Peer 1: 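Here it is: the structure, laid out below.
All values derive from a computational prediction rather than experimental measurement.
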Amino acid sequence: QVQLVESGGGLVQAGGSLRLSCAASGRTFSPYFMGWFRQAPGKEREFVSAITWSGGSTWYADSVKGRFTISRDNTKNIMYLQMNSLKAEDTAVYYCAAAFSGGVTRRPSDYDYWGQGTQVTVSS
């Protein structure tokens with residue numbers, strides 16, 4: 001079993017920055033890839049970014065490209081999301097997820113484990 005715990009959310013003014021962390025524990029942790037998703041009230045969960053665990057290749061949603069940076073520390077089993085130039089529309093609960101098979105996808109259903117989420121609120 002894998003446990004994922006997000007941290008680093010909070011309230012920030014538009015234009016500010018936050019860094020989210022996702023700490024993994026449990027079974028020997030070696031996913032194929034991990035991702036960040038977000039869900040705003042009344043909206044579906046949407047893909048934000050993904051990273052392959054071994055090679056570190058990255059993918060971003062167009063809405064965050066150039067503002068957010070995903071990274072991981074394999075030695076500590078932690079994934080990060082550096083969020084800069086935050087906008088009000090970035091307000092959501094952010095979730096991290098891990099997948100242990102297949103290729104990198106943007107579909108939530110392809111991920112095997114999820115964290116509980118961390119709230120990010122950007123005031124305009």
Side-chain angles (χ1 to χ4, degrees):
Q1 193 71 10
V2 170
Q3 293 80 41
L4 302 176
V5 179
E6 302 96 336
S7 61
L11 173 64
V12 63
Q13 288 187 335
S17 298
L18 284 174
R19 188 177 81 156
L20 305 184
S21 299
C22 174
S25 62
R27 58 181 270 190
T28 300
F29 192 72
S30 185
Y32 280 35
F33 56 96
M34 294 189 70
W36 287 99
F37 290 78
R38 66 187 182 186
Q39 188 166 18
K43 295 188 177 182
E44 293 187 352
R45 191 168 297 189
E46 66 170 351
F47 171 82
V48 174
S49 183
I51 187 167
T52 57
W53 196 247
S54 59
S57 298
T58 59
W59 286 259
Y60 296 94
D62 288 343
S63 59
V64 306
K65 201 171 294 183
R67 300 188 298 121
F68 290 10
T69 303
I70 191 172
S71 62
R72 87 276 186 255
D73 185 334
N74 300 51
T75 64
K76 297 180 180 179
N77 289 346
I78 299 178
M79 179 178 65
Y80 303 99
L81 185 68
Q82 178 66 43
M83 305 186 296
N84 298 330
S85 302
L86 283 162
K87 306 175 182 179
E89 50 263 43
D90 294 319
T91 295
V93 177
Y94 283 70
Y95 299 90
C96 67
F100 287 80
S101 62
V104 174
T105 86
R106 301 173 181 234
R107 290 190 301 265
S109 59
D110 290 332
Y111 290 75
D112 302 301
Y113 297 95
W114 291 82
Q116 82 290 349
T118 186
Q119 177 70 47
V120 171
T121 303
V122 183
S123 62
S124 56

Peer 1: How close do A92 and A40 get, counting heavy atoms only, and between which atoms?
Peer 2: CB-N, 3.8 Å
Peer 1: Sequence neighbours left out, what pairs pass ring pair (Phe, Tyr, Trp, His ring centres under 6.0 Å) with at least one residue falling in residues 2-37?
Peer 2: F29-W53, F29-F100, F33-Y111, F37-F47, F37-Y111, F37-W114
Peer 1: Tell me the closest heavy-atom pair linking V104 and A50, and the distance in Å.
Peer 2: CG1-CB, 3.8 Å
Peer 1: Answer with yes or no whether the hydrophobic clustering places V64 together with V12; edges join I, L, V, M, F, W, Y residues whose side-chain heavy atoms lie under 4.5 Å apart.
Peer 2: yes
Peer 1: Sorted by first residue and then second, give each disulfide (SG to SG under 2.5 Å) pair with at least one member in residues 81-124; sequence neighbours left out.
Peer 2: C22-C96
Peer 1: Please name all residues satisfying side-chain contact (heavy atoms from CB on, under 4.5 Å) with S30, sequence neighbours left out, ordered by chain then number.
Peer 2: none
Peer 1: Taking salt bridge (charged side-chain N to carboxylate O under 4.0 Å, His left out) as the cut-off, I'd like each qualifying pair that reaches into residues 42-52, sequence neighbours left out, listed once.
Peer 2: R38-E46
Peer 1: When rounded to the nearest 0.5 angstrom, what is the spacing between CD in E6 and OH in Y94?
Peer 2: 12.5 Å
Peer 1: Write out all pairs satisfying salt bridge (charged side-chain N to carboxylate O under 4.0 Å, His left out) with one or both partners inside residues 92-104, taking only residues at least two apart or from two chains.
Peer 2: none
Peer 1: Filter on disulfide (SG to SG under 2.5 Å), then keep only pairs touching residues 30-87, sequence neighbours left out; what's left?
Peer 2: none
Peer 1: Check whether any side-chain heavy atom of D112 sits under 4.5 Å from a side-chain heavy atom of V2, and report yes or no.
Peer 2: no
Peer 1: If a pair satisfies disulfide (SG to SG under 2.5 Å) and one of its residues is in residues 23-80, list it, with sequence neighbours excluded.
Peer 2: none
Peer 1: Once salt bridge (Lys or Arg N to Asp or Glu O under 4.0 Å) is applied, do any residues pair with D110, and if so which ones, sequence neighbours excluded?
Peer 2: R107
Peer 1: With sequence neighbours left out, which residue pairs that include part of residues 33-75 fulfil the disulfide (SG to SG under 2.5 Å) condition?
Peer 2: none
Peer 1: Between the main-chain N or O of V122 and the side-chain N or O of T91, is there a donor-acceptor pair closer than 3.5 Å?
Peer 2: yes
Peer 1: Identify each donor-acceptor pair in which a side-chain atom of residues 77-87 lies under 3.5 Å from a protein atom, sequence neighbours left out, and give them as a table.
Peer 2:
from, atom 1, to, atom 2, distance (Å)
Q82, NE2, N84, OD1, 2.9
N84, OD1, S17, OG, 2.9

Peer 1: Nearest 0.5 angstrom please: S25 OG to Q1 CD, how far?
Peer 2: 10.0 Å
Peer 1: Using the rule that Ile, Leu, Val, Met, Phe, Trp and Tyr join whenever any side-chain heavy atoms are under 4.5 Å apart, tell me whether I51 and V48 fall into a single cluster.
Peer 2: yes
Peer 1: Give a yes or no on whether the backbone of S57 and the side-chain of T52 come within a donor-acceptor separation of less than 3.5 Å.
Peer 2: yes
Peer 1: Please identify each residue that fulfils side-chain contact (heavy atoms from CB on, under 4.5 Å) with S7, with sequence neighbours left out.
Peer 2: S21
Peer 1: Taking Y60 for the side chain and I70 for the main chain, is one N or O donor matched with an acceptor at less than 3.5 Å?
Peer 2: yes
Peer 1: Is the backbone of V5 close enough, under 3.5 Å, to the side chain of Q116 for a donor and an acceptor to pair up by distance?
Peer 2: no
Peer 1: Just grab all the ring pair (Phe, Tyr, Trp, His ring centres under 6.0 Å) pairs involving residues 1-21, residues at least two apart or on different chains.
Peer 2: none
